[in-house]
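For reference, the structure is listed below as structure tokens.
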Amino acid sequence: MAPKRQKSPSRKASVKGKGKVKKNQPPSSKEKPDHPDDIYPIVLTTATQELFECCIDEDVTEQSPYKLLKKDDIIQDIKTRAAVSDFHPVKQFVLDYPEDEILLVFDVDFTYGQSFYLVLTPEAKARIYNVLQPPQPEIIEVLEDDVSKTPEPKPWISLGSELEVDQESVKETREKLCYKFYLKRRPGLPVCFSDRNSTEAECRSVECPSYQDSRFSIKQMQRDCGMQAVPRLQSSTTQTQRAFQRNIFTQYEPRELSKKEKERILSSENLKKFLNSVTPRVLHALQQTHIMNVFTDDFKALGIGAEASDRLVMVSEGLKLQWTFTDEKRAMGKKISSVSWHPTIHGLIAVAFIKKQEEQLDKSTAYINSPAFIVFYGFPDQSNPRLLLECPDDIFAFEFCPSNPNVIVGGCRNGKVVLWDISFHAPHLQGTQPNSKKGSDSDSDTDTFDFDKKENKTPVMRYCAVSSIESSHKSPVTDVQWLPKTFEVTRTGVPVQNNSNISVQVVTCSPDCTVMFWDLRVPKLQNQFLANRKQDVDQKTMMTPYSVPKTFKHLDRTWKPLFRVSLPKSDTSGEYAPLKFSLEHYTCNSNTGRNTDNENDGAEVLPEYSQLRIPSAKTLRTLDDVNTKFYIGTEEGEIVYTDWKLEEDEFGRKFSAKPLLCFRTHAWFVNTMQRSPFFKDILLTTGGWNFAIWKEGVMGGPIFVGPSSEQENSAACWSLSRPAVFFIGRNDGSIEVWNLLLNTSEPTHVHEHVASTRITCIKPCIASSKQHYLAVADNLGMLRVFNVPKALRSPVKNEDLNMQIFFDREHDRLKDYLEWEEQWAKQRKEAGESKKQVEPDKPVTFQVDSEEADLKEYSDYLKLEESILE
């Protein structure tokens with residue numbers, strides 16, 4: 001029996017305190033409804049509910065309102081939290097409780113005024129717990145019976161599907177045939193092996209191939225076969241087009257010490273002691289650094305030899321300097337304008353020097369005409385040239401003939417086109433014949449010239465022919481190219497078949513807004529007799545090292561272009577000034593039967609140019625598959641795509657057509673236009689501070705434009721072994737290596753300090769599978785030959801296929817952009833027209849009305865100003 005509740009003296013204190021009730025004081029019976037003595041209504045905070053796992057609507061609900069609390073846990077809570085504990089009012093009841101668990105009941109309806117009440121006696125616990133406990137044994141038996149039952153199968157009811165299955169099933173209509181093949185063997189017979197020659201007719205093996213018997217045919221009725229579905233594999237890639245990189249900087253004011261703080265620190269004794277102790281050690285370390293470089297790699301320094309003094313030897317980990325060529329006498333005050341490797345002789349390279357524009361401006365009052373040469377260098381002699389080609393003026397561009405490497409064509413500063421024939425010095429250049437001094441005392445031909453005997457160590461060759469000054473360009477010839485031997489052009493620009501099977505025509509361009517086509521053959525048929533007569537006279541004259549060959553005697557000072565192409569602008573008056581151009585390489589198809597690209601040209605006897613005549617265009621077959629359109633790069637950074645064929649007006653006059661497209665892609669001179677050696681329709685252009693890649697036939701613009709560089713791009717070239725790699729020379733003397741399969745937003749390698757000044761030319765060359773060279777010329781007249789490492793010369797797997805996919809993807813991206821741009825332009829046009837229709841016509845205001853409105857607005861402004869000031 002629970003003890004009766006007694007009045008606590010705190011009750012009087014609460015009455016005196018004007019209703020202030022403490023937390024540990026049990027509520028009075030007047031404030032709450034009556035309840036039995038064996039239960040006690042109690043309030044449990046959220047923290048207590050979580051501690052004893054009796055949270056409302058989670059641990060205790062209306063269906064399960066009871067919770068058994070351990071007596072030890074309640075006592076521990078009272079000891080821990082003392083008066084703060086929610087069970088502190090029933091502390092004595094808990095201590096006197098005889099059992100280990102006390103029943104806590106959740107009062108949903110607040111029957112006794114609180115959300116919980118605690119059962120204080122075991123009798124009340126048994127009474128309340130048995131009443132609230134639901135009868136569960138019957139439910140458990142029902143669930144066990146349901147789980148133990150096994151479903152009985154029901155009979156199958158036919159709905160007609162068995163007929164469809166029977167129709168679709170395959171049944172054998174006849175019995176299978178069984179064949180048995182066997183060979184009767186007779187064991188025990190003797191065997192004799194002997195040697196025979198398989199080449200003999202009687203011992204030669206006879207093949208018994210299967211063939212179709214025309215006497216009968218077997219029709220196959222049925223076949224046992226199986227089929228299995230396999231997933232299709234598909235690989236796809238994507239690449240994000242990154243925006244141009246921009247330099248972002250932030251300027252702020254640094255925090256500095258005040259003058260007093262600086263004086264205090266400088267005059268402190270700690271600073272003086274620190275400097276006195278550190279100074280000897282710093283001086284000792286500086287002496288050691290000056291005596292020896294501890295960061296030098298001794299293994300890399302092995303084998304450098306005499307080149308160790310050159311600071312440009314170890315330019316980078318990629319390109320390694322192999323040779324350095326310079327001519328202090330002929331390169332003084334000049335720069336290299338053009339570089340070309342000899343097509344057939346390994347290690348022979350030719351360079352052309354021109355005067356710098358700065359020196360020309362300084363010496364404009366007293367101009368001294370110094371001789372101009374094309375210098376031939378060869379491995380391994382780095383100081384002595386192999387051959388000198390005398391030029392009438394500085395050469396801006398030259399090129400070897402693709403069908404006859406002994407013939408060279410060049411373009412001069414004064415606009416003339418020059419021809420050389422080095423056939424006499426070919427053995428000397430190849431190294432098969434020593435330099436001969438014979439002929440210096442003998443009688444020379446009338447076309448020979450004298451030079452200093454002290455310089456007879458390097459042979460000098462005079463040009464064979466030069467174009468007429470009246471018919472030449474009016475500006476420097478900036479680019480020259482040979483037409484391939486697969487075709488030639490007529491006087492109207494129509495491509496026809498070339499029966500000579502050698503390159504006989506040259507194309508030149510100049511900033512005088514013209515592109516000229518030149519023919520190396522005898523121009524007129526009536527001069528044939530005179531040419532033959534001169535040839536007989538030349539054959540009688542002995543050829544000396546200082547004689548001028550008569551190869552192009554018929555063109556000297558009378559050479560005129562076959563026809564010229566002007567470049568009118570498409571939208572305005574005026575003409576484009578070309579600096580570079582690019583023609584599509586044409587190879588004959590199987591119908592012509594004259595494709596000799598893969599034949600050995602050295603074994604074939606080439607005809608003399610003086611014996612060739614320009615044939616009539618009527619006798620030659622027109623080649624319709626030759627692309628007569630070509631790209632032109634101008635001095636204003638424009639890329640022009642035009643046709644060299646001349647059109648005819650209604651009066652029969654010939655004129656050049658308007659260009660097909662023109663894009664201002666570069667901000668400065670276009671210095672490089674080169675086609676990919678792997679894709680004939682892909683073109684690389686550089687100029688200004690960026691580069692661009694074009695695709696032949698795409699009229700929407702470049703398919704890829706490179707990011708802008710900090711330095712100006714001065715030269716570029718494709719790699720001859722890797723389709724995705726190309727090199728770009730910059731104005732500060734560095735070289736960028738681009739790999740489009742790895743990165744399109746920045747170069748993969750940047751080789752700094754390759755040269756100390758501007759790079760003017762870059763030319764690659766393949767000597768063997770393991771020897772790839774890169775010739776780099778600078779603005780000081782020095783030529784450096786670098787060895788290309790294996791990483792830049794060995795192509796990766798399927799590199800050409802991946803590059804083709806890259807170019808196609810960029811082309812598709814350009815087409816999508818042009819379609820979207822066309823839609824945007826159409827939407828802007830429609831929006832402008834709708835805006836004009838919605839807006840009413842503005843009334844016509846006269847000048848007097850506008851002046852009155854301005855005066856009124858000004859007076860209103862004065863009134864507003866006065867009101868603000870008041």
Practice task
Classify the side-chain pair Thr111/Asp107 by whether it contains a donor and acceptor separated by less than 3.5 Å.
Solution key: yes
Handout entry: Backbone N/O of Phe704 and side chain of Arg813: donor-acceptor pair under 3.5 Å
Key = no
Practice task
Check step by step if side-chain hydrogen bond (donor to acceptor under 3.5 Å, both in side chains) holds for Thr48 and Thr45.
Solution key: CA-CA 5 Å; Thr48 305; Thr45 60; 3.0 Å; yes
Problem - Plane angle bin for Trp824 and Tyr817 - parallel if under 30°, tilted between 30 and 60°, otherwise perpendicular - result: perpendicular
Practice task
Locate the shortest heavy-atom distance separating Gln114 from Pro41; write the atom from each residue and the value.
Solution key: CG-CB, 3.8 Å
Exercise for the section: Answer yes or no: is there a side-chain heavy-atom contact under 4.5 Å between Lys262 and Glu256? Expected result: yes
Practice task
Look at atom CH2 of Trp820 and say whether more than 12 heavy atoms of other residues, nucleotides or ligands are closer to it than 6.0 Å.
Solution key: no
Handout entry: From Asp77 atom CG to Asp86 atom CG, the distance as rounded to the nearest 0.5 Å
Key = 7.5 Å
Exercise for the section: Answer yes or no: does atom NZ of Lys695 have more than 12 heavy-atom neighbours from other residues, nucleotides or ligands under 6.0 Å? Expected result: yes
Problem - Donor-acceptor pair between Gln804 and Asp800 side chains, under 3.5 angstrom - result: no
Practice task
For the pair Arg730 and Glu752, find out whether any cationic side-chain nitrogen is under 4.0 Å from an anionic carboxylate oxygen.
Solution key: yes
Practice task
Report the relative orientation of the aromatic rings in Phe87 and Phe52; use parallel for angles under 30°, tilted for 30 to 60°, perpendicular for over 60°.
Solution key: perpendicular
Problem - Side-chain donor or acceptor of Ser64 paired with backbone N/O of Thr61 under 3.5 Å - result: no
Problem - Salt bridge Asp72-Lys70, side-chain N to carboxylate O under 4.0 Å - result: no
Practice task
Would you check if Glu819 and Leu814 make a side-chain contact, meaning some heavy-atom pair closer than 4.5 Å?
Solution key: no
Practice task
Before accepting this row, confirm whether a basic side-chain N of the pair Asp166/Lys171 lies closer than 4.0 Å to the acidic partner's carboxylate O.
Solution key: yes
Handout entry: Ring geometry between Phe807 and Phe679 (parallel below 30°, tilted from 30 to 60°, perpendicular above 60°)
Key = perpendicular
Practice task
May I ask you to test the Lys815-His811 pair for a side-chain heavy-atom distance under 4.5 Å?
Solution key: yes
Problem - Approximate separation, where rounding is to 0.5 Å, of Leu742 CG and Thr748 OG1 - result: 6.5 Å
Exercise for the section: Measure the spacing between OG of Ser258 and CD of Glu261 and express it to the nearest 0.5 Å. Expected result: 3.5 Å
Problem - Shortest non-hydrogen contact from Leu792 toward His749 - result: CD2-CD2, 4.5 Å
Problem - Residue of the set Phe727, Phe678, Phe726 for which ring-ring contact (aromatic ring centres under 6.0 Å, His included) holds with Trp718 - result: Phe726
Problem - Side-chain heavy-atom pair Asp73, Leu51 within 4.5 angstrom cut-off - result: no
Exercise for the section: Could you walk me through whether Leu740 and Phe806 pass side chain to side chain contact (heavy atoms under 4.5 Å, CB included), step by step? Expected result: CA-CA 9 Å; Leu740 297 179; Phe806 171 78; 3.9 Å; yes
Handout entry: Lys863 with Glu866: basic N within carboxylate O range, under 4.0 Å
Key = no
Handout entry: Nearest-0.5 Å distance that lies between atom CD in Glu710 and atom OG in Ser734
Key = 10.0 Å
Practice task
Under the side-chain hydrogen bond (donor to acceptor under 3.5 Å, both in side chains) rule, what do Asn690 and Ser708 come out as? Steps first, then yes or no, please.
Solution key: CA-CA 5 Å; Asn690 64 344; Ser708 298; 5.4 Å; no
Practice task
Decide side-chain hydrogen bond (donor to acceptor under 3.5 Å, both in side chains) for Asn743 and Ser745; before the verdict, give the C-alpha distance in whole Å, the side-chain angles of both, and the deciding distance to 0.1 Å.
Solution key: CA-CA 6 Å; Asn743 198 343; Ser745 60; 2.9 Å; yes
Practice task
Verify the neighbour count for atom CG of Asp860: are there more than 12 heavy atoms of other residues, nucleotides or ligands below 6.0 Å?
Solution key: yes
Problem - Glu168, CD: over 12 other non-hydrogen atoms inside 6.0 angstrom - result: no
Handout entry: Min side-chain heavy-atom separation Glu736-Ser709 under 4.5 Å
Key = yes
Handout entry: Spacing of Leu118 atom CG and Leu103 atom CG [to the nearest 0.5 Å]
Key = 8.0 Å
Practice task
Flag yes if more than 12 heavy atoms outside Met699 fall under 6.0 Å of its CE atom; otherwise flag no.
Solution key: yes
Practice task
With the side chain counted from C-beta on, respond yes when Val737 and Pro747 share a heavy-atom pair under 4.5 Å apart, and no when they do not.
Solution key: no
Exercise for the section: Step through it carefully: locate the ring centre of Trp738, locate the ring centre of Phe691, and say whether they are under 6.0 Å apart. Expected result: yes
Practice task
To the nearest 0.5 angstrom, please state how far the CZ atom of Phe116 sits from the SG atom of Cys54.
Solution key: 5.0 Å
Handout entry: salt_bridge(Glu172, Lys176) N-O dist < 4.0 Å
Key = yes
Practice task
For the residue pair Ser721 and Ser794, establish whether any side-chain heavy-atom pair is separated by less than 4.5 Å.
Solution key: no
Handout entry: Tyr117/Tyr40 aromatic ring centres below 6.0 Å
Key = no
Handout entry: SB check Arg722 Glu799 (cutoff 4.0 Å)
Key = yes
Exercise for the section: Answer yes or no: does atom CD of Glu822 have more than 12 heavy-atom neighbours from other residues, nucleotides or ligands under 6.0 Å? Expected result: no
Problem - Carboxylate-amine/guanidinium contact Lys125 Glu99, below 4.0 Å - result: yes
Handout entry: Taking every non-hydrogen atom, the tightest pair across Ser867 and Leu864
Key = OG-O, 2.7 Å
Exercise for the section: Please say whether more than 12 non-hydrogen atoms of neighbouring residues, nucleotides or ligands are located less than 6.0 Å from CG in Leu177. Expected result: yes
Problem - Non-hydrogen side-chain atoms of Ile56 and Glu58 separated by less than 4.5 Å - result: no
Exercise for the section: Might you point out which heavy atoms bring Ile102 and Val94 nearest each other, and give the distance in Å? Expected result: CD1-CG1, 4.1 Å
